[in-house]
Amino acid sequence: MMSLRYLVAKTYRSPLLTVRLFTKLTQTCRLQSTSSTKRPQRSLIKRVTFGTVFGATCIFGFYQLNIAYGGPQDPSNLKVTLYRKMPLRSLSRLWGKVNQLDLPVFMRIPVFRIYIWAFGCNIEEAEEEDLKTYRNLGEFFRRTLKPQVRPIDDIHLLTSPSDGTITHFGRVENGVIKQVKGVNFSVEGFIGPVSWKSPFSSSSSSSSLSSSSSQSSSPDSSSMSSSSSLSSSSLREDINNSHNNVNAHIDQNQKILSQLIHPDNVLYHCVIYLAPGDYHRFHSPTDWIVYFRRHFPGELLSVHPGMARWIKGLFNLNERAMYVGLWKHGFFSMTAVGATNVGSIRIYNDHELATNTWKKPDGNNTDKYLPNEQSPGIEVGKGDLFGEFNLGSTIVLIFEAPKDFTFNVEPGQRIKYGEAIGT
């Protein structure tokens, strides 16, 4: 007989296997149920089964189109167009609702065990190891970790903002970023027009940026935490000194961000893919000052590396929230990219951000200065909590640094937040 774990691992390939999996789960639940609770339990099981079967059907259709083997395709390609016509935003909202449904206590352990087996979660790293304490899948996705399991690297300047896989990194060449090997996307299309105003100018002083910073708090209070190790005056002085050295000579390959890049620096990127089994929160990768957010209400296509190899410019199509700021070497940005079944992206110090809404996206981005346009600038320390996904997705870092900046990672490498990326 086919094992339960095997069924779970293969549900993305066939809806039939998904039905068989939830048939087993339903039978188990019925044996443990009582007559007084049968009706709500059946209703819950029906909702979960419908959402999962519906999602598996869409993903099954994706594989039937030979996406993994068809080679890079333009978004206008017929197969890509058919895939983009699938109701992925509705599916993602439905999955987000399912994630928030409270599970009966007796169902929590078997449901979470299935998820742990299927995606290789390490529950021993969680601050709360008792599976019964997680009321729903959403709480389990966003579980906190024990402080000692993720030490923050103090030697290297840039660390990983999340757990995940390094899909690509390196210099930005001729205004394009390598999405995966052989497939590129443009910086201009990804970040949009550079219309935001930096809090610094060539004549500014360290007092030109608001001295106010966020107060240390937990995610429950929806605020980025301010690192106690962050020296405000030192960071501001480094940024001001760096900006005062800007002149008119700019590398022609960096025209898109010419007004932000210093003549002796180079633009770099790093792409990190978060799988469904990874820790779903993400943190600040360095000490920096965040002052601007741009939200692109795009599509919610899968960002799996296999999909990224198939659709050219995938990240430019998807919904994403880009945060712009300044670090020791100048321009720095971190972008959280949405994906299929990502119910929402939450940023702890950006209450106005609303992702994957019912309103049909019109393609226009929305901009916001943080905390406000009158006094922009929120200091964030390396390792501070920044935000969370409601399922796995992708984070893209784009930043400037000296020409001798060195990456300490390899393509395809598994990485955990707080580990070194480069210096």
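Basis for what follows: all heavy atoms, side chains included, without hydrogens, waters or symmetry-related copies.
- Take R294 and apply the salt bridge (Lys or Arg N to Asp or Glu O under 4.0 Å) test, not counting sequence neighbours, and it matches D367.
- Under the 4.5 Å side-chain criterion, counting only non-hydrogen atoms from C-beta, T394 is in contact with V271.
- In this view, D163 and R150 satisfy the side-chain hydrogen bond (donor to acceptor under 3.5 Å, both in side chains) rule, not counting sequence neighbours.
- Remark: P411 pairs with F169 by the side chain to side chain contact (heavy atoms under 4.5 Å, CB included) rule, at least two apart or across chains.
- No more than 12 heavy atoms of other residues, nucleotides or ligands sit less than 6.0 Å from atom CD of E124.
- Between R414 and D278, at least one side-chain N (NZ, or NE/NH1/NH2) sits under 4.0 Å from a carboxylate O, which counts as a salt bridge.
- Looking at residues two or more places apart in sequence or on another chain, you find a side chain to side chain contact (heavy atoms under 4.5 Å, CB included) between E127 and T144.
- Scanning for side-chain hydrogen bond (donor to acceptor under 3.5 Å, both in side chains) contacts around N122 gives an empty result, with sequence neighbours left out.
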**OP:** Test side chain to side chain contact (heavy atoms under 4.5 Å, CB included) on I116 and L131 and set out the steps.
**Re:** CA-CA 11 Å; I116 291 170; L131 297 179; 4.1 Å; yes
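- A heavy-atom distance below 4.5 Å is not found between the side chains of P147 and V149.
- Side-chain atoms of N318 never come within 3.5 Å of backbone atoms of F315 as a donor-acceptor pair (strictly under, hydrogens ignored).
- Here CG of D384 is found 6.0 Å from OG of S284. Values are rounded to the nearest 0.5 Å.
- Scanning both residues, H280 and P276, for their nearest heavy atoms gives CE1-O, 2.9 Å.
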Could you give the side-chain donor-acceptor pairs of residues 331-338 under 3.5 Å, partners two or more places apart or in another chain?
from, atom 1, to, atom 2, distance (Å)
S333, OG, I398, O, 3.1

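- Centroid-to-centroid, the aromatic rings of Y417 and Y279 come within less than 6.0 Å.
- Across all their heavy atoms, T355 and I345 have their closest contact at OG1-N, 2.8 Å.
- Ring geometry, F389 versus F282: the interplanar angle falls from 30° to 60°, so the pair is classed tilted.
- Atom NZ of K416 sits about 11.5 Å away from atom OG of S160, to the nearest 0.5 Å.
- Within the 4.5 Å cutoff, side-chain heavy atoms of S302 are placed close to those of T340.
- The distance from atom OG1 of T167 to atom OH of Y273, rounded to the nearest 0.5 Å, is 10.5 Å.
- Of the possible polar contacts, none joining the H329 side chain to the A401 backbone as a donor-acceptor pair under 3.5 Å is found.
- Side-chain atoms of T159 come within 3.5 Å of backbone atoms of P285 as a donor-acceptor pair (strictly under, hydrogens ignored).
- Stacking of R143 on the aromatic ring of F140 is recorded, both the 6.0 Å distance cut-off and the 45° axial limit being met.
- E379 contributes atom CD, which lies 9.5 Å from atom CG of D287 (distance to the nearest 0.5 angstrom).
- Residues in residues 313-326 take part in these salt bridge (Lys or Arg N to Asp or Glu O under 4.0 Å) pairs, two or more places apart or across chains: R89-E319.
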Subject >> Evaluation steps, side chain to side chain contact (heavy atoms under 4.5 Å, CB included), between F292 and L370 >> reply: CA-CA 5 Å; F292 181 80; L370 300 172; over 6 Å; no
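- Proximity of F399 to W288: side-chain heavy atoms (C-beta onward) are nowhere separated by under 4.5 Å.
- Partners of E129 under the side-chain hydrogen bond (donor to acceptor under 3.5 Å, both in side chains) rule, at least two apart in sequence or in another chain, are K146.
- No donor-acceptor pair under 3.5 Å is formed between the side chain of E299 and the backbone N or O of L301.
- Nearest heavy atoms, T423 versus L157: OG1-N, 3.5 Å.
- In terms of heavy-atom proximity, P371 sits nearest to S375 at CD-O, 3.4 Å.
- The aromatic rings of F405 and Y268 lie tilted to each other, with the angle between the two planes from 30° to 60°.
- Side-chain contact between N349 and I378: present, with at least one pair of heavy atoms (C-beta onward) separated by less than 4.5 Å.
- Taking the salt bridge (Lys or Arg N to Asp or Glu O under 4.0 Å) definition, one finds that E419 meets it with nothing, sequence neighbours left out.
- The side-chain hydrogen bond (donor to acceptor under 3.5 Å, both in side chains) check on E139 picks up R135, with sequence neighbours excluded.
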**OP:** For N356 and S344, run side chain to side chain contact (heavy atoms under 4.5 Å, CB included): C-alpha distance rounded to whole Å, both residues' side-chain angles, the deciding distance at 0.1 Å, then the answer.
**Re:** CA-CA 6 Å; N356 192 17; S344 65; 5.6 Å; no
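- Salt bridge R293/D350: present, at least one basic N to carboxylate O contact under 4.0 Å.
- Note that CD1 of I177 and CZ of R171 are 14.5 Å apart. Values are rounded to the nearest 0.5 Å.
- Close placement of the F386 and Y323 rings is indicated, their centers lying within 6.0 Å of each other.
- Looking at every heavy atom in both residues, G164 comes nearest to I272 through CA-CG2, 4.1 Å.
- The closest side-chain heavy-atom distance from I421 to I415 is below 4.5 Å.
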Subject >> Verdict with supporting geometry, V380 and V290, side chain to side chain contact (heavy atoms under 4.5 Å, CB included) >> reply: CA-CA 7 Å; V380 188; V290 186; 3.9 Å; yes
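- Qualifying side chain to side chain contact (heavy atoms under 4.5 Å, CB included) partners for K197, counting only residues two or more places apart in sequence or in other chains: Y369.
- Between the NZ atom of K328 and the CD1 atom of I289 there is a distance of 14.0 Å, given to the nearest 0.5 Å.
- Using a distance-only test at 3.5 Å, with no hydrogens or angles considered, a donor-acceptor pair links the side chain of T406 to the main chain of D404.
- In this structure, K368 contributes its side chain and L353 its backbone to no donor-acceptor pair below 3.5 Å.
- Evaluation of the salt bridge (Lys or Arg N to Asp or Glu O under 4.0 Å) rule for D154 yields no partner, not counting sequence neighbours.
- Ring pair F296/F190: centre-to-centre distance not below 6.0 Å.
- Side chain of R281 to main chain of R142: a donor-acceptor pair is present (N/O by atom type, distance under 3.5 Å, no hydrogens or angles).
- In this pair, Y134 and F112 present their aromatic rings perpendicular. The plane angle is above 60°, beyond the 30 to 60° band.
- With a 4.5 Å cut-off on side-chain heavy atoms, L397 and I395 count as touching.
- D153 approaches H156 most closely through the heavy-atom pair OD1-N, 2.7 Å.
- Between H168 and H269 there is a side-chain heavy-atom pair separated by less than 4.5 Å.
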